Amino acid sequence: MIELQQLRENRDTLIERLQIRGYASAAEELDKVLSLDAERRRVITRLEGMRAEMNTVSKSIGRLIQEGKKEQAAAAQKKTGQMKEDIKFYEESLEKIEKEMDLILINVPNPPHPSVPKGKSAEDNEIVYRNDIEVTLPANAKPHWDLIKDLDIVSLDLGVKISGAGFPVYIGKGARLQRALIQYFLDEAEKAGYVEIQPPLMVNEASGYGTGQLPDKEGQMYHVQIDDLYLIPTAEVPITNLYRDTILKDSQLPVKNCGYTPCFRREAGSYGKHVRGLNRLHQFDKVEIVQVVEPEISYQVLDTMVEHVKGLLQNLGLPFRIALLCGGDMGFTSAKTFDMEVYSAAQEQWLEVSSISNFETFQSNRLKLRYKDADRQTRLPHTLNGSALALPRIFASILENNQNEDGSVTIPEVLRPYTRFDFIGRD
RNA sequence: GGAAGCGUGGCAGAGUGGUCGAAUGCGGCGGUCUUGAAAACCGUUGUACCGCGAGGUACCAGGGGUUCGAAUCCCUUCGCUUCCGCCA
């Protein structure tokens, strides 16, 4: 959520930044908030004046009663009736104004960083990096949905039987490869200084709101209605919400956390070849990295997170590129996002395997996550996170890019200590 | 799931209708003393909002109510503890 004080001071800049997303109604909505804010302050001034008066009268009544001056006390009590009504009236009108303000502010997306390119869709994203790994596939190369069947390492059909489409079952070496990737990613994150967290997989409404999934993505999360809990769509939600309603000391920054969790997404409205095989699932595994940092360094930190993920992909030997997302393709809560995309030669398409974002104060403001800076001022820190990495598409592209003529798949060097086998489909 | 009890500042813990944002202790911060440290002593130490300022308002788990006045009384939600039941 954008900061009210920012809005008061930098209205024009914020509107300009929101234009990068093509957020057409920015000026209209923000001006509405500003006028409500002015009204709100007028009402508060009035209301607090009346409350102060009321408090004075109440105290004097107390004093009179103690002194035994009952008649004077009774006379004073009579006067309070109208005051109470006035106070109630202003309280109600204040509440109404604040609700109206919140309703608008909650639904305004994060203003993009000025370096974010304008644009409407993925086609306008800027490719800022591409590594030099080239893959030459055997003539009989297959997409992963065929490979998993041939090798009998993932069953989509069994998933359909016990759950539904989008819930794969990993079997044998498939399961072990999956676990190896998790272990490898976590080990690398810990080497980079991230503290591992194992969070709950269900969160309450306040948490969904804090990181911005609610109300924006209401329909995208699984909602367990009987207990009013949401299955997490990403570890970002529980791990960042750890710091909700918290004031950190500057010595506690930067916060660097990582965590492995399954992620649950309803993916309502998805269809076609993008959902084929492991490309898009209702449940998938992911290792997430999260940081809470001082605003001054957040964009340097964003770069280090990109470098971290780059290293993982490079070590896995996968061909990949990095896209700087344009305004129109960015998530609701992000100020700047880089996507990492792995090339799947067998599918002949780029698959998004990671998304790394700086949220600036958008989340910390909602979370009431603050810190005391060196001058003991309370400020909002910047929050960042990134996938490092999302498993299924990595799994798929390892299969596709490392397949051999005999139908087997070669395991990348770095994973072998974890898998304890070098090939799938060859013993 | 049933019953009882409890929920106060970073922590511990007073406070059961009136000047309580809240005693006291510990912790934190600043200082005196000291070659330095410890101890001792002095001071200071919640958050948010309104106001140019003086200052004011709100917050004692959350919400609602009673009252001129609520941390204190009532209702309700949530959480914690203990006992019983169930159970990996």
Side-chain angles (χ1 to χ4, degrees), chain A residues 1-9 33-102 104-106 198-210 214 223-230 238 241-253 255 292 361 363-381:
Chain A
M1 188 154 75
I2 60 173
E3 297 170 66
L4 196 51
Q5 204 183 327
Q6 278 292 314
L7 174 57
R8 286 183 196 145
E9 289 165 10
V33 170
L34 282 172
S35 81
L36 283 167
D37 178 48
E39 199 185 337
R40 169 178 159 273
R41 291 203 263 182
R42 277 197 296 275
V43 171
I44 286 176
T45 306
R46 275 267 184 82
L47 175 62
E48 291 189 347
M50 289 188 286
R51 278 181 179 160
E53 202 185 332
M54 187 76 180
N55 287 342
T56 311
V57 172
S58 291
K59 280 178 187 174
S60 72
I61 289 173
R63 212 174 301 118
L64 288 170
I65 289 173
Q66 279 181 344
E67 290 167 4
K69 298 174 181 168
K70 285 185 185 161
E71 279 165 32
Q72 286 181 48
Q77 278 181 18
K78 273 184 194 161
K79 290 197 305 190
T80 59
Q82 184 61 42
M83 291 168 75
K84 277 176 90 170
E85 271 178 44
D86 289 347
I87 287 174
K88 194 159 196 175
F89 173 81
Y90 278 99
E91 277 174 349
E92 277 165 8
S93 94
L94 177 64
E95 197 180 333
K96 211 177 120 198
I97 291 165
E98 289 185 333
K99 264 190 189 154
E100 203 178 334
M101 277 173 77
D102 279 349
I104 299 173
L105 282 173
I106 279 172
Q198 278 197 30
L201 306 182
M202 292 196 213
V203 294
N204 56 28
E205 189 180 355
S207 298
Y209 171 81
L214 292 174
H223 185 196
V224 182
Q225 279 168 345
I226 193 167
D227 289 309
D228 198 17
L229 292 168
Y230 294 86
N241 271 282
L242 255 24
Y243 303 94
R244 175 151 47 83
D245 290 318
T246 302
I247 302 181
L248 297 166
K249 295 181 195 151
D250 60 345
S251 61
Q252 292 176 277
L253 298 180
V255 169
V292 180
T361 59
Q363 290 183 330
S364 54
N365 191 32
R366 287 188 171 218
L367 290 161
K368 294 199 172 61
L369 160 57
R370 290 155 293 174
Y371 77 103
K372 294 264 194 205
D373 69 9
D375 301 323
R376 289 203 212 159
Q377 291 294 308
T378 306
R379 300 175 64 197
L380 294 171

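This structure is a prediction, so every number in the text was calculated from the model and none was measured. Naming convention: chains lettered A, B, ... in sequence-line order (proteins, then strands); numbering from 1 in each chain.
- Within the nucleic acid shown, A/K372 comes within 4.0 Å of sugar-phosphate atoms alone, with no base atom in reach, counting heavy atoms only.
- Nucleotides B/A23 and B/C60 are separated by 15 Å at their P atoms, to the nearest Å.
- Nearest nucleotide to the side chain of A/I44, out of B/C49, B/G56, B/A48: B/C49.
- The shortest side-chain heavy-atom distance between A/I247 and A/K372 falls under the 4.5 Å cut-off.
- Pair assignment for B/C60 gives none, since no Watson-Crick or G-U wobble pairing has each distance under 3.5 Å.
- Across every strand in view, B/C11 sits in a pair with B/G25 that passes the Watson-Crick or G-U test at under 3.5 angstrom.
- Residue A/T378 is classed as a sugar-phosphate contact, given heavy-atom separations below 4.0 Å to backbone atoms only.
- When Watson-Crick and G-U wobble pairs are counted only if both distances are under 3.5 Å, B/G1 pairs with B/C84.
- Between A/E91 and A/R51, at least one side-chain nitrogen of the basic residue sits less than 4.0 Å from a carboxylate oxygen of the acidic one, meeting the salt-bridge criterion.
- In this structure, the side chain of A/N204 does not engage the main chain of A/L229 through any donor-acceptor pair within 3.5 Å.
- Of the C1' atoms belonging to B/C86 and B/C75, the separation is 31 Å, rounded to the nearest Å.
- When the C1' atom is compared between B/A71 and B/U8, the two are found 7 Å apart, to the nearest whole Å.
- Closest approach to the A/I65 side chain among B/U47, B/C50, B/G18 is made by B/G18 (side chain taken as heavy atoms from C-beta onward).
- Contact annotation: A/R41 side-chain N/O to B/C49 OP1/OP2 distance is not under 4.0 Å.
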- Determine, step by step, whether A/Q77 and A/V57 satisfy the side-chain contact (heavy atoms from CB on, under 4.5 Å) criterion, reporting the C-alpha distance in whole Å, the side-chain angles of both residues, the deciding distance to 0.1 Å, and the verdict. CA-CA 8 Å; A/Q77 278 181 18; A/V57 172; over 6 Å; no
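- Rounding to whole angstrom units, CD of residue A/E3 and P of B/A48 are separated by 13 Å.
- The distance between atom CD of A/E98 and atom C1' of B/U57, rounded to the nearest whole Å, is 13 Å.
- Nucleotides B/G65 and B/G9 place their P atoms 25 Å apart, quoted to the nearest Å.
- Taking the P atom of each, B/C59 and B/G69 are spaced 13 Å apart, rounded to whole Å.
- The closest donor-acceptor contact from the side chain of A/T45 to the backbone of A/V43 lies at 3.5 Å or more, if one exists at all.
- A salt bridge is defined here as a Lys NZ or Arg NE, NH1 or NH2 lying under 4.0 Å from an Asp or Glu carboxylate O, and A/D102 with A/K99 fails to meet this definition.
- Under 4.0 angstrom from either OP1 or OP2 of B/U57 there lies at least one side-chain N or O belonging to A/N55.
- Atom CD in A/Q77 sits roughly 14 Å away from atom C1' in B/U66 (whole-Å rounding).
- With rounding to whole Å, A/M101 atom CE is found 12 Å from B/C49 atom P.
- At the phosphate of B/G69, OP1 or OP2 sits under 4.0 Å from a side-chain N or O atom of A/K84.
- Of the two residues contacting RNA chain B, namely A/T56 and A/A76, the nearest-nucleotide position lying further toward the 5' end is that of A/T56.
- Taking side-chain N and O atoms only, A/R46 has no distance below 4.0 Å to OP1 or OP2 of B/C50.
- Nucleotides of RNA chain B nearest to A/G62 and A/L4 differ in position, and the one nearer the 5' end is that of A/G62.
- Going from atom OH of A/Y371 over to atom C1' of B/G10 covers 21 Å, rounded to whole Å.
- For A/I247, taking side-chain heavy atoms from C-beta onward, the closest of the listed nucleotides B/U47, B/C50, B/U19 is B/U47.
- Separation of the C1' atoms belonging to B/A39 and B/C20 is 34 Å when rounded to the nearest angstrom.
- When the C1' atom is used for both B/G46 and B/C29, the distance is 14 Å, rounded to whole Å.
- If you check B/U47, B/C68, B/U57 against the side chain of A/I61, the one that comes closest is B/C68.
- Within the nucleic acid shown, A/T80 comes within 4.0 Å of sugar-phosphate atoms alone, with no base atom in reach, counting heavy atoms only.
- A/N204 has its CG atom 18 Å from the P atom of B/U77, to the nearest Å.
- B/G21 and B/G56 are spaced 11 Å apart, taking the P atom of each and rounding to whole Å.
- With a cut-off of 3.5 Å on both Watson-Crick or G-U wobble distances, the partner of B/U66 is given as none.
- Nucleotide B/G51 holds its C1' atom 9 Å from the CD atom of A/E48, rounded to whole Å.
- The nucleotide B/U34 finds no pairing partner, because no Watson-Crick or G-U wobble arrangement with both distances shorter than 3.5 Å includes it.
- One finds no side-chain N or O of A/R376 lying less than 4.0 angstrom from the OP1 or OP2 phosphate oxygen of B/U45.
- Checked by atom type and distance alone, the side chain of A/S58 never pairs as donor or acceptor with a backbone atom of A/N55 at under 3.5 Å.
- A/M83 comes within 4.0 angstrom of nothing in the nucleic acid, heavy atoms only.
- Stacking of A/R379 on the aromatic ring of A/Y371 is not recorded, the 6.0 Å distance cut-off and the 45° axial limit not both being met.
- If you check B/U47, B/A58, B/C50 against the side chain of A/R40, the one that comes closest is B/C50.
- Distance, A/M54 CE to B/A70 C1': 13 Å, rounded to whole Å.
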